[in-house]
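Read the numbers this way: they start at 1 and go in the same order the structure lists the ligands and their atoms. FYI, side chains are in, hydrogens and waters are out, and symmetry mates aren't considered; it's all heavy atoms of this structure. Counting from 1, the numbers follow the sequence of the chain as shown.
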Amino acid sequence: KLGIEAKKEVDFSAWYTQVLLRAEMMDYSDISGCYILRPWSYKIWKEIQAFLGQRFEAAGVEDSYFPLFISQGALQKEKDHVEGFAPEVAWVTRSGSSELPEPIAVRPTSETIMYPAYAKWINSHRDLPLKMNQWCNVVRWEFKHPQPFLRSREFLWQEGHTCFLTKSEADQDVLQALESYRAVYEDLLAVPMIKGMKSEKERFAGALYTTTVEGFIPSVGRGIQGGTSHCLGQNFSKMFKIGVEGKDGETEYVWQNSWGFTTRSIGVMVMTHSDNSGLVLPPRVASIQVVIVPVGITAKTSAEDEEKIQAKCTELANALIAAGIRAKADLRANITPGWKFNHWELKGVPVRFEVGPKELTSNQTRACIRYSGEKRQVSLDNIGQVAKALLDEIHGGMFAKAKTAYDACIKIVEKWEDVTPALDNKCCVLIPWCEDSTCEDQIKDRSAVKATDDAAVDSRAPAMGAKSLCIPFDQPAKCTEKFCVQCGKPAKSYTLFGRSY
Ligand SMILES: O=C1CCCN[C@@H]1CCCn1cnc2ccccc2c1=O
């Protein structure tokens, strides 16, 4: 397992898979689009689960587990939202050599499994609010080019499904879930996100409205959806008869939300922070936060000094572990410090401490910071607190670096002729927009013109058209006197458009 040969700025997709494979984040299985999550990435998912799980608990959301399988009848119940997705549904048709009486679907999402049970459990307003979540896998047999974490046929996620008596409670819950998703990205993964509303065309068909956190990958100039939180209105509760007795005997259908966050987030983190030396892990999700490497041991070093250096490394590791830091001393023999440096840089460990003969007396260590390459002399006094502060500083620095890059890619555009040049320059555009679906279709078509010298897009193929990414909650300015950049009708909002995953 060498370093990374592909260059992020030259062959992004080759670079991406090399980083994942050589940092031991994932491996292939014999099913196309299905990947093995190795411990180095599964640890990240566990940190995300702990972070979100703590917030769900605080919000009174209860974890549960529903079956993997859906009957044909149950799935067809909500046919109008499923029909667009039907080609992605995987079906079990036999067990052993005998055909099943009727095919059974593997869950692509769990509304049609959960909501018949909700209808049974919810009868009076005292049964509300009902807030449940499940951590599970789902299967969607996509035909688009699969990519580890970003688009796989099976992925892990959490799906929250909540029920309320009133719309205003549901509206608050939608935003509470969305804020948790923003927090995972920004406070755990150091990845900047923009919160907003999805357009009519991009919204989930079964929803009243869809809110989203949208990321952006400057290296390829494409947006990526980071997580969604839908207000379902009473669409599903009317379909599944989930209601409570009104005061004069009529049924009051509940107001529902559903919100989901997936292992795609790990792919977004890798694309955002990693570089040509390999993975770069945000400190808060790194399996190993500090690695300690003995250095300066040569043929001239006495056996006694070598032992002292190794003992110092172990002592340092233990002091860090005692302070709650995930630290490891790499004392493997017959491996040079240089090889260890490359290995832990490839694995993305945020901090390396070097301990050599000098450190035996200097009471210092040389800290090497992975994301920036900075080297810094650090006193060993109170090293636990010092290291914690350093890890927080690294998180802040990684976030700031990614935020600056994202902001630099957002171009406020008021004239159509500036749209495609911005897209071809690997940017997204924030444009005064009428919010009409027909206009969105035209923007997609008109912006799918030949890429100029955009290395990220195959020059033979036409460039991907721009989709609406979101209508940001934080608007750059008032839009009332503005006109839609594409069709000239009065603009309703500044909307983010871009090529996307
Ligand atoms: O996003 C979320 C968040 C988590 C709960 N589900 C909602 C909506 C899922 C939309 N969806 C997405 N792919 C599908 C694929 C096959 C069948 C149905 C569907 C489907 O309903």
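Between the side chains of Glu202 and Ser468, no donor N or O sits under 3.5 Å from an acceptor N or O. A donor-acceptor pair shorter than 3.5 Å can be found between the side chains of Tyr115 and His161. A donor and an acceptor atom, one from each side chain of Lys198 and Gln225, are located under 3.5 Å apart.
Looking at heavy atoms from C-beta onward, Tyr28 lies in side-chain contact with Tyr35 at the 4.5 angstrom threshold.
What sits closest to atom 7 (C) of ligand 1 on the protein, heavy atoms only, is Glu111 OE2, 3.3 Å. Given atom 2 (C) of ligand 1, the protein heavy atom at minimum distance is His230 NE2, 3.2 Å. The nearest protein atom to atom 9 (C) of ligand 1, hydrogens excluded, is given as Thr109 OG1, 3.8 Å; this is a heavy-atom distance. Summary of contacts: the protein heavy atom closest to atom 13 (N) of ligand 1 is Arg140 CZ, 3.2 Å. Scanning the protein for heavy atoms near atom 3 (C) of ligand 1, the closest one is Gly260 N, 3.5 Å. Atom 15 (C) of ligand 1 has Phe85 CB, 3.2 Å as its closest protein atom, hydrogens excluded (heavy atom only).
A distance of 11.0 Å separates CD of Glu159 from OG1 of Thr228, quoted to the nearest 0.5 Å.
Between the side chain of Arg499 and the backbone N or O of Met464 there is at least one donor-acceptor pair closer than 3.5 Å.
Taking every non-hydrogen atom of Glu88 and a distance limit under 4.0 Å, the qualifying atoms of ligand 1 come out as 15 (C). Interface of Thr228 with ligand 1, defined as ligand atoms under 4.0 Å from a residue heavy atom, comprises 1 (O).
Residue-to-ligand polar distances keep Trp259 apart from ligand 1: every N/O pair is separated by 3.5 Å or more. Between His161 and ligand 1, no pair of N/O atoms sits closer than 3.5 Å.
The aromatic rings of Phe261 and Tyr185 are tilted relative to each other, their planes meeting at an angle between 30° and 60°.
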